[in-house]
Amino acid sequence: MRIVSLNEESRKEILGQLLKRSPNNYEQYNDTVMEIVERVRTEGDRALFAYTNRFDCEDIDALNIRVTEEEIEEAYAKVEERLLETIRRALANIRAYHEKQKRYSWFDTTADGTMLGQKVTPLQAAGVYVPGGKAVYPSSVLMNIVPARIAGVGKIIMATPCNRQGNINPAVLVAAKEAGADEIYKMGGAQAVAAMAFGTESIPKVDKITGPGNIFVALAKKAVSGTVSIDSIAGPSEILVLADESANPRYVAADLLSQAEHDELASAVLVTTSRELAEKVSEEVDGFVKGLSRKEIIQKSLDNYGYLLVADTKEAALETVNLIASEHLEIVTENPFEDMMKVQNAGAIFLGENSSEPLGDYFAGPNHILPTNGTARFFSPVSVDDFVKKSSIIYYSREALKKVHGDIEYFAEKEQLTAHANSIRVRFE
């Protein structure tokens, strides 16, 4: 991996390079995605099946696009017992973590007859997208469905692409059943997002779509945002490790590679104040890559978006961490808890040498669907909050309104909204 001395010029150049990975910078795909979305919106099943047959399986139609109970039973028979047990243990941790996020309606009253509050209502229908293609992601199934289930969503449907034979990976189906999906559909890509956003003859319309996917999925989510709610427009995966001379270079190298194997566009960045550590990490990375199964993907990721950044001071290192605003941030320093307090922007923060990123991907409990490409500055991980909406509650008695009506009328008139003022005034004529 390349070692770069961190200064204003190099930091600006690297930030620009990393931001090129954003879905917003792939305009060459926009027309294709918009055509798919529009066709599914106007043609419904006909367009959905045409695209699914073209990109996934040639025999998908209204009779078999929905996964049957028999297919789920067959999936259970094919999944190893240990994997099923692992899924259930992970599910318990994920459920326990997200239960703590649940919010409740509240109301506050005063003696003069006012009541203000907030009514929390779960969404009626949610669509969760689980990618296929380059890897199998039963973990993403759990992370999508569990917070929706805890929020109390009325119907949870899951979309995931099938293979050419029309089958979905058994582990994905088992995870969906265990987590509580109501319906599972064999569809992927922009056409699946459009089908859930607008509804078709076979696919119910949802209120929100969550989950990661490729560039076509990301751009389709962007296109339908407003018709439905979305979690965020996810880009390629990324990891940033903040480390000092106390860090184990072998651990750091292994953790960087854990994200580089996702995608040629994934980024893996070390920020450190120790050049010696950077050099040792580079050596360890070279050694690991040779023996890893996805070494071609990893090497392309490292060549394009892998950096070992050496800062002069801890302050400069932390400033860079906050500017990059990484999806995953590992802090492997002498005092990770103290350094964590200075971090403002990160999707998920892992503290200490034993809290490696895959712990969050699979098992610890916090959600692994995270903001990417610097959007951790304003987006959060998927949570129970994503699957509820809040309504303001306002009640005033006549006595309470009488005390304030003059202020309201005056304010409205100053905005030249006389009908607003009149709406209050008529009550006291």
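Just so you know, these numbers use all the heavy atoms, side chains as well, and skip hydrogens, waters and symmetry mates.
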The ring-ring contact (aromatic ring centres under 6.0 Å, His included) partners of Phe107 (sequence neighbours excluded) come to none
What do the steps show when you test Ser246 against Glu334 for side chain to side chain donor-acceptor pair (under 3.5 Å), and what is the final call?
CA-CA 6 Å; Ser246 69; Glu334 194 170 354; 5.6 Å; no
Regarding Glu261 and Lys295, does a basic nitrogen lie under 4.0 Å from an acidic carboxylate oxygen?
no
For Phe216, ring-ring contact (aromatic ring centres under 6.0 Å, His included) partners two or more places apart
Tyr29
Identify which one of Asp339, Asp244, Thr273 satisfies the side chain to side chain donor-acceptor pair (under 3.5 Å) criterion when paired with Thr333.
Asp339
I'd like to know if the side chain of Tyr185 pairs up with that of Glu183 as donor and acceptor (distance under 3.5 Å, no hydrogens or angles considered).
yes
For residues 275-284, which residue pairs pass the side-chain hydrogen bond (donor to acceptor under 3.5 Å, both in side chains) check, not counting sequence neighbours?
Ser5-Arg275, Arg250-Glu284, Glu276-Lys280
Over all atoms of both residues, closest heavy-atom pair of Arg95 and Glu178
NH2-O, 4.1 Å
Assess, by modelled atom type and distance only, whether the side chains of Asp45 and Ser202 contain a donor and an acceptor separated by less than 3.5 Å.
yes
Heavy-atom closest pair, residues Ala260 and Ile297:
O-CG2, 3.8 Å
With sequence neighbours excluded, give me every side-chain hydrogen bond (donor to acceptor under 3.5 Å, both in side chains) pair touching residues 55-67.
Glu58-Arg164
Heavy-atom side-chain contact between Val269 and Val241 under 4.5 Å:
no
Please check this pair: side chain of Asp263 against backbone of Pro236, looking for a donor-acceptor N/O pair closer than 3.5 Å.
no
I need the full list of side-chain hydrogen bond (donor to acceptor under 3.5 Å, both in side chains) pairs touching residues 369-385, with sequence neighbours left out, sorted by first then second residue.
Arg103-Asp385
Check for a donor-acceptor pair, side chain of Arg2 on one end and backbone N or O of Leu309 on the other, with a separation under 3.5 Å.
no
Test side chain to side chain contact (heavy atoms under 4.5 Å, CB included) applied to Ser139 and His368, step by step
CA-CA 9 Å; Ser139 58; His368 80 198; 3.3 Å; yes
Anything under 30° is parallel, anything over 60° is perpendicular, the rest tilted; go ahead and classify His262 against Tyr137.
parallel
By side chain to side chain contact (heavy atoms under 4.5 Å, CB included), which residues pair with Asn163, not counting sequence neighbours?
Gln165, Asn167
The side chain to side chain donor-acceptor pair (under 3.5 Å) partners of Asn367 (sequence neighbours excluded) come to His98
Under the 3.5 angstrom rule, does the side chain of Thr160 hit a backbone N or O of Val130 as a donor-acceptor pair?
yes
Is Glu43 reaching over with its side chain to a backbone N or O of Val40, donor-acceptor style, under 3.5 angstrom?
no
Listed partners of Glu85 passing side chain to side chain contact (heavy atoms under 4.5 Å, CB included), at least two apart
Glu81, Arg89
Could you tell me whether a side-chain N or O of Ser274 sits under 3.5 Å from a main-chain N or O of Leu277, the two making a donor and an acceptor?
yes
List the residues meeting side chain to side chain donor-acceptor pair (under 3.5 Å) with Thr52, not counting sequence neighbours, and say none if there are none.
none
N/O donor-acceptor pair under 3.5 Å between Glu327 side chain and Glu238 backbone:
yes
Using modelled atom types only, decide if a donor and an acceptor are shared between the side chain of Asp182 and the backbone of Ile157 within a distance under 3.5 Å.
no
Show me the donor-acceptor pairs within less than 3.5 Å that the side chains of residues 228-235 make with the rest of the protein, sequence neighbours left out.
{"residue": "Asp231", "atom": "OD1", "partner": "Lys221", "partner atom": "NZ", "Å": "2.6"}
{"residue": "Asp231", "atom": "OD2", "partner": "Gly211", "partner atom": "N", "Å": "3.0"}

So, Lys208 side chain and Asp386 main chain: donor-acceptor pair closer than 3.5 Å or not?
yes
Contacts of Thr109 meeting side chain to side chain donor-acceptor pair (under 3.5 Å) (sequence neighbours excluded), chain-then-number -> none
Examine distances only and state if a side-chain atom of Ser105 and a backbone atom of Val120 form a donor-acceptor pair shorter than 3.5 Å.
yes
Under a plain distance cut-off of 3.5 Å, with no hydrogens placed, do Lys12 and Ser10 share a side-chain donor-acceptor pair?
no
Looking at Leu265, is its backbone amide N or carbonyl O close enough to the side chain of Ser301 to form a donor-acceptor pair, meaning the two atoms are under 3.5 Å apart?
no
If you count the non-hydrogen atoms of other residues, nucleotides and ligands that lie under 6.0 Å from OH in Tyr251, is the total more than 12?
no
Contacts of Arg41 that satisfy side chain to side chain donor-acceptor pair (under 3.5 Å) - sequence neighbours left out:
Glu38
